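Reading through the structure tokens given below for one structure.
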Amino acid sequence: MRQLEERAPIPRLGLAPPVAGPRLLLPLPLLLLTLNCSSFLFLSLAETMAAAAATTTTTTGAVSRRAGAGATKVSVVVPTFREDGNVEALTRRVFRATRAAGLDAELIFVDDDSGESTLATERIVRRLSEEEGYNVRVHVRRRGHGRGLSSAVLLGLQKLATADYMLVMDADLQHEPESVPDVLAPVIEGRADFAVGSRHVAGGEARDFKLSRRVISAGATLLARPLTTCTDPMSGFFALPRSTLRRAERLNPMGYKIGLELMVRCDARRIVDVPIRFKDREAGESKLTLKQNALYLVHLANLYSFKWPVAVVVVALGAVAAAVFVLYAFWVWALR
Ligand SMILES: Nc1nc2c(ncn2[C@@H]2O[C@H](COP(=O)(O)OP(=O)(O)OP(=O)(O)O)[C@@H](O)[C@H]2O)c(=O)[nH]1
Ligand SMILES: [Mg+2]
């Protein structure tokens, strides 16, 4: 019995205790792997940011009012879901602004059938088009033929719009129709592959926006910043030429951030930010839900792995290595 008591103590946790050599050696490769992964990621990001910065301009000053000589044809695509309360005001204001800027606009609502509101939207659009001569139409997606903001925008851009210069905006008048010519101008003038109505450049602002929404929006913007040099990648107010859209690779219309999706998957290099004022919605209700915020994280993961497939694997390995290292360090500390 005495002899037994004098033997080495039985290790806790049921595992052999690390002897001095391996105790020092085992964490070393893990630490090296972690450091290696971090530096690889850092270099990849720095390289891409530098390349993007070299080819991207950010306009923070005034944008010329006349977007081009003569009547340049433009398509304005507006996704709608229960927006009959905003359709008429939006139509009148969009055409007043585009005509004043010498643009020949077509306005296309892409509406996901919502019963009464869709019928009302169709009635209003028919009156505005047939009786008042506005070049406006509504495409209604019946149930079973696709739903959701992003796929509605893609349908509008890829299948319904006829002009070479295209703009997307919300129906709820949070995006001021008076800014439509300004957002289109860099694209029409050939200065941009993609122009974004931004709240975060000099002259831009977000009015009547709740604090909680500001915080979520700031966090979401920060998470997307490595993907693009745009100051407002969350914006749904943007313009692009058809040539940019043709470069699209594997578009995935999930969630609400179709502007970010297009910027990344069309490899838009020359991005111009145009200051806009973001107002409170005028009528109807927001469709932004918690589910959409969660979907945004999945969307981001997809875009990161699209842009940096190797880096994403390296980061995942680095995270696993770091977790193992922390667990091991804790185990060694617990055995002391
Ligand atoms: N076709 C279609 N349009 C949608 C759908 N969901 C939202 N929209 C439209 O997309 C635009 C933006 O939606 P909002 O609900 O205003 O979302 P948001 O501007 O991000 O959020 P708020 O600031 O709260 O208004 C509006 O014109 C909506 O009508 C949808 O499922 N299908
Ligand atoms: Mg809105």
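Counting starts at 1 for both ligands and their atoms, following the listed order. Here the structure is a predicted model, which is why all the values come from computation and not from measurement.
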Regarding Arg92 and Glu88, does a basic nitrogen lie under 4.0 Å from an acidic carboxylate oxygen? yes

Decide, yes or no, whether a salt bridge links Asp113 with Arg142 under the criterion of side-chain N to carboxylate O below 4.0 Å. yes

For atom 7 (C) of ligand 1, which of the options Phe109, Tyr256, Phe237 provides the nearest non-hydrogen atom? Tyr256

Selection residues 136-190 - residue pairs positive for ring-ring contact (aromatic ring centres under 6.0 Å, His included), sequence neighbours left out: His175-Phe237, His175-Phe278

For ligand 1, indicate whether the residue Val78 contacts it via side chain, backbone, both or neither (heavy-atom separation under 4.0 Å). neither

Apply the salt bridge (charged side-chain N to carboxylate O under 4.0 Å, His left out) test between Arg277 and each candidate in Glu205, Glu176, Glu178; give the one that qualifies. Glu176

Using a strict cut-off of less than 4.0 Å between a Lys/Arg side-chain nitrogen and an Asp/Glu carboxylate oxygen, indicate whether Arg199 and Asp232 qualify as a salt bridge. yes

Per the ring pair (Phe, Tyr, Trp, His ring centres under 6.0 Å) rule, which among Phe325, Trp331, Phe330 passes with Tyr328? Trp331

Taking the side chain from Asp111 and the backbone from Thr118, do they hold a donor-acceptor pair closer than 3.5 Å? no

Report yes if some N/O of Asp112 lies less than 3.5 Å from some N/O of ligand 1; otherwise report no. yes

Give yes or no for whether the N/O distance cutoff of 3.5 Å, strictly under, is met between Pro79 and ligand 1. yes

Measure across Lys279 and Leu173 and return the closest heavy-atom pair with its distance rounded to 0.1 Å. CB-O, 4.1 Å

Just to be sure I'm reading this right: ignoring hydrogens, which of Lys279, Gln174, Gln292 gets closest to atom 19 (O) of ligand 1? Compare them by their nearest heavy atoms. Gln174

Polar proximity ligand 1 side, Asp172 side, N/O cut 3.5 Å exclusive: yes

Give the numbers and elements of all ligand 1 atoms closer than 4.0 Å to a heavy atom of Val110. 1 (N)

Main chain of Arg141, side chain of Asp112: is a donor-acceptor contact present, judged purely on distance under 3.5 Å? no

Return all protein N, O or S atoms below 2.8 Å from the Mg ion (ligand 2), chain by chain in residue order. Asp172 OD2, Gln174 OE1

Contact check, Gly236 vs ligand 1, heavy-atom distance below 4.0 Å: no

At under 4.0 Å between heavy atoms, what of Ala152 touches ligand 1? The answer is side chain

Do any N/O atoms on Lys257 end up under 3.5 angstrom from N/O atoms on ligand 1? no

Examine Glu83 against ligand 1 and note whether any of their N/O atoms are separated by less than 3.5 Å. yes

Angle between ring planes, Phe194 versus Phe238, binned at 30° and 60°: parallel, tilted or perpendicular? parallel

Arg127 bridged to Glu131 by N-O distance under 4.0 Å: no

